[in-house]
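One structure is given here, and the rest of the page talks about it.
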Amino acid sequence: MIRLAIPKGRLSESVADLLHRSGYDCAGLRNGSRRLAFTMGDIEATLVKPSDVAVYVEHGAADIGVVGKDVLMEDEPDVFELMDLGFGACRMVVAAPAGFSDDPSRVLRVASKYPHVAGEHFARKNRAAEVIELHGSVELAPLVGLGDVIVDIVETGTTLRENGLEVLEEIAPLSARLIANRSRYHFIRTAIERLTDPWRARS
Ligand code: PRP
């Protein structure tokens, strides 16, 4: 058996497509049920909060999982990153209200759901920054004076645009990744390869 952690929400449909390619019946994933654990052939799937996938895998509660690169950058879990799955493409960026100009004599206030990524980014640039951690609607922060800039994910750019913000710089391109528990990987490597071979063919 392979224990697979699937992120609930926007990536789950793409995971169902991959599993379908490998010959699995994904009705349990697509039927809108509230069940959080189900079996598909030799896969025991769990549906978990996207930011928790790597926690399940790192601690061995799942053998493999699908997770956004943003979560890996922020949490730096001790797991193997096996594969770029090619979907969920977006960018981690610094953004600010249109016309923003940085005053290097002041500490930059940065609002973000990704305090570690944001802190590291400005430390690398030797820019003094105070990071304010938020858990959502980050684009609102500079509009209400909670931070000068934000570090966040941009997919279509609509949220930035509709809130009068623009990208100042790109930190990293992002997409969904397949991760594996470090010790379990060695025992189930063949089964993982059997599962993922059809994914490589078209990615
Ligand atoms: C993410 C991200 C941006 C938005 C970007 O937020 O934090 O707010 O999506 O998408 P866009 O470029 O296509 O507009 P999410 O939808 O996860 O909601 P949240 O603000 O509650 O975290």
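Positions are given from 1 along the sequence. Since the structure is predicted, the reported quantities are computational estimates derived from the model, not experimental observations.
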| field | Heavy-atom neighbours of Phe187 CZ exceed 12 at 6.0 Å | value | no
| field | Donor-acceptor under 3.5 Å (Asn163 side chain, Thr159 main chain) | value | yes
| query | salt bridge (charged side-chain N to carboxylate O under 4.0 Å, His left out): which pairs involve residues 25-39, sequence neighbours left out? | reply | Glu13-Arg30, Asp17-Arg30
| Can you hop from Val149 to Ile132 via hydrophobic side chains spaced under 4.5 Å? | no
| How would you list all residue pairs meeting ring pair (Phe, Tyr, Trp, His ring centres under 6.0 Å) that involve residues 4-53, not counting sequence neighbours? | none
| query | Among all residues two or more places apart in sequence or in another chain, which pass the side-chain hydrogen bond (donor to acceptor under 3.5 Å, both in side chains) test with Arg194? | reply | none
| task | Applying side chain to side chain contact (heavy atoms under 4.5 Å, CB included), name anything that partners Asp78, two or more places apart in sequence or on another chain. | result | Glu58, Arg182
| query | Counting distance only, does the side-chain N/O of Glu74 pair as donor-acceptor with the main-chain N or O of Val117 below 3.5 Å? | reply | yes
| request: Identify, with sequence neighbours excluded, every residue that meets side-chain hydrogen bond (donor to acceptor under 3.5 Å, both in side chains) alongside Glu193. | output: Arg189
| query | Of the non-hydrogen atoms in Ala5 and Val48, which two are nearest, and what is the gap between them? | reply | CB-CG2, 4.5 Å
| said: Would you say that Val55 contacts Pro77 through its side chain, given a criterion of any heavy-atom pair below 4.5 Å between the two side chains? | reply: no
| remark: For Asp103 and Arg127, the nearest pair of non-hydrogen atoms, with its separation, is O-NH2, 3.1 Å
| note | Sequence neighbours excluded, the answer for side chain to side chain contact (heavy atoms under 4.5 Å, CB included) partners of Thr158 is Thr156, Arg161, Glu162
| query | Linking I/L/V/M/F/W/Y whenever their side-chain heavy atoms sit closer than 4.5 Å, directly or via other members, would Val94 and Val138 fall into one cluster? | reply | no
| message | I'd like to check the side chain to side chain contact (heavy atoms under 4.5 Å, CB included) partners of Asn126; sequence neighbours left out, ordered by chain and number. | response | none
| task | For the pair Asp70 and Tyr114, evaluate side-chain hydrogen bond (donor to acceptor under 3.5 Å, both in side chains) and give the outcome as yes or no after the intermediate values. | result | CA-CA 8 Å; Asp70 55 319; Tyr114 302 93; 2.6 Å; yes
| task | Check for a donor-acceptor pair, side chain of Arg184 on one end and backbone N or O of Ala62 on the other, with a separation under 3.5 Å. | result | no
| task | Determine whether Asp102 and Phe100 make a side-chain contact, defined as any pair of heavy atoms from C-beta on separated by less than 4.5 Å. | result | yes
| query | Are the charged groups of Arg91 and Glu170 less than 4.0 angstrom apart, N to O? | reply | yes
| field | Closest non-hydrogen atom pair between Ala118 and Val110, with its separation | value | CB-CG1, 4.1 Å
| Minimum heavy-atom distance between Ser22 and Leu195, given as atom pair plus value | OG-O, 2.7 Å
| query | Taking atom CD1 of Ile192 and atom CG of Leu178, what is their separation to the nearest 0.5 Å? | reply | 7.0 Å
| query | In terms of hydrophobic clustering (I, L, V, M, F, W, Y; side-chain heavy atoms under 4.5 Å; direct or indirect links), are Ile153 and Leu140 co-clustered? | reply | no
| query | Does atom OH of Tyr56 have more than 12 heavy-atom neighbours from other groups under 6.0 Å away? | reply | no
| field | Pair Glu130 + Arg106, salt bridge at N-O below 4.0 Å | value | no
| field | Verdict with supporting geometry, Met92 and His121, side chain to side chain contact (heavy atoms under 4.5 Å, CB included) | value | CA-CA 11 Å; Met92 181 76 73; His121 175 71; over 6 Å; no
| query | Between Val57 and Asp63, which heavy-atom pair has the shortest distance, and what is it? | reply | CG1-O, 3.9 Å
| Any side-chain heavy-atom pair of Val53 and Val66 under 4.5 Å | no
| message | If you apply the rule side chain to side chain contact (heavy atoms under 4.5 Å, CB included), what do you find for Ile43 with Met1, and how did you get there? | response | CA-CA 6 Å; Ile43 293 182; Met1 288 300 258; over 6 Å; no
| task | Answer whether the closest heavy-atom distance between the side chains of Leu82 and Ile179 falls below 4.5 Å. | result | no
| said: Please check this pair: side chain of Ser112 against backbone of Val151, looking for a donor-acceptor N/O pair closer than 3.5 Å. | reply: yes
| message | I need the minimum non-hydrogen distance between Ala96 and Asp148, along with the two atoms involved. | response | CB-O, 4.2 Å
| request: Find out if a path of hydrophobic residues (ILVMFWY) with successive side-chain heavy-atom gaps under 4.5 Å connects Val67 to Met83. | output: no
| Any chain of hydrophobic side-chain contacts (each under 4.5 Å) joining Leu143 to Val154? | yes
| Qualifying residues under side-chain hydrogen bond (donor to acceptor under 3.5 Å, both in side chains), relative to Arg10, sequence neighbours excluded | Glu155
| said: The criterion is side-chain hydrogen bond (donor to acceptor under 3.5 Å, both in side chains); which residues satisfy it with Glu76, sequence neighbours excluded? | reply: His116
| Taking C-beta and beyond as the side chain, do Val93 and Asp152 meet within less than 4.5 Å on heavy atoms? | no
| field | Separation of Ile6 CD1 from Leu11 CG (nearest 0.5 Å) | value | 11.0 Å
| said: Quick one, Leu160 with Glu139, criterion side chain to side chain contact (heavy atoms under 4.5 Å, CB included). Give me CA distance, side-chain angles, the key distance, then yes/no. | reply: CA-CA 7 Å; Leu160 285 187; Glu139 292 83 353; 4.1 Å; yes
| query | Rounded to the nearest 0.5 Å, what separation is found between the CZ atom of Arg3 and the CD atom of Glu44? | reply | 7.5 Å
| task | Identify whether the distance between the nearest side-chain nitrogen and carboxylate oxygen of Lys69 and Asp84 falls below 4.0 Å. | result | no
| Which ring pair (Phe, Tyr, Trp, His ring centres under 6.0 Å) pairs, counting each pair once, include a residue from residues 124-147, with sequence neighbours left out? | none
| note | For His186, the ring-ring contact (aromatic ring centres under 6.0 Å, His included) test, sequence neighbours excluded, returns Phe80
| Looking at residues at least two apart in the chain, or sitting in another chain, which of them share a side chain to side chain contact (heavy atoms under 4.5 Å, CB included) with Leu36? | Lys8, Leu47
| Pairwise side-chain contact, Asn181 with Ile64, heavy-atom cut-off 4.5 Å (strictly under) | no
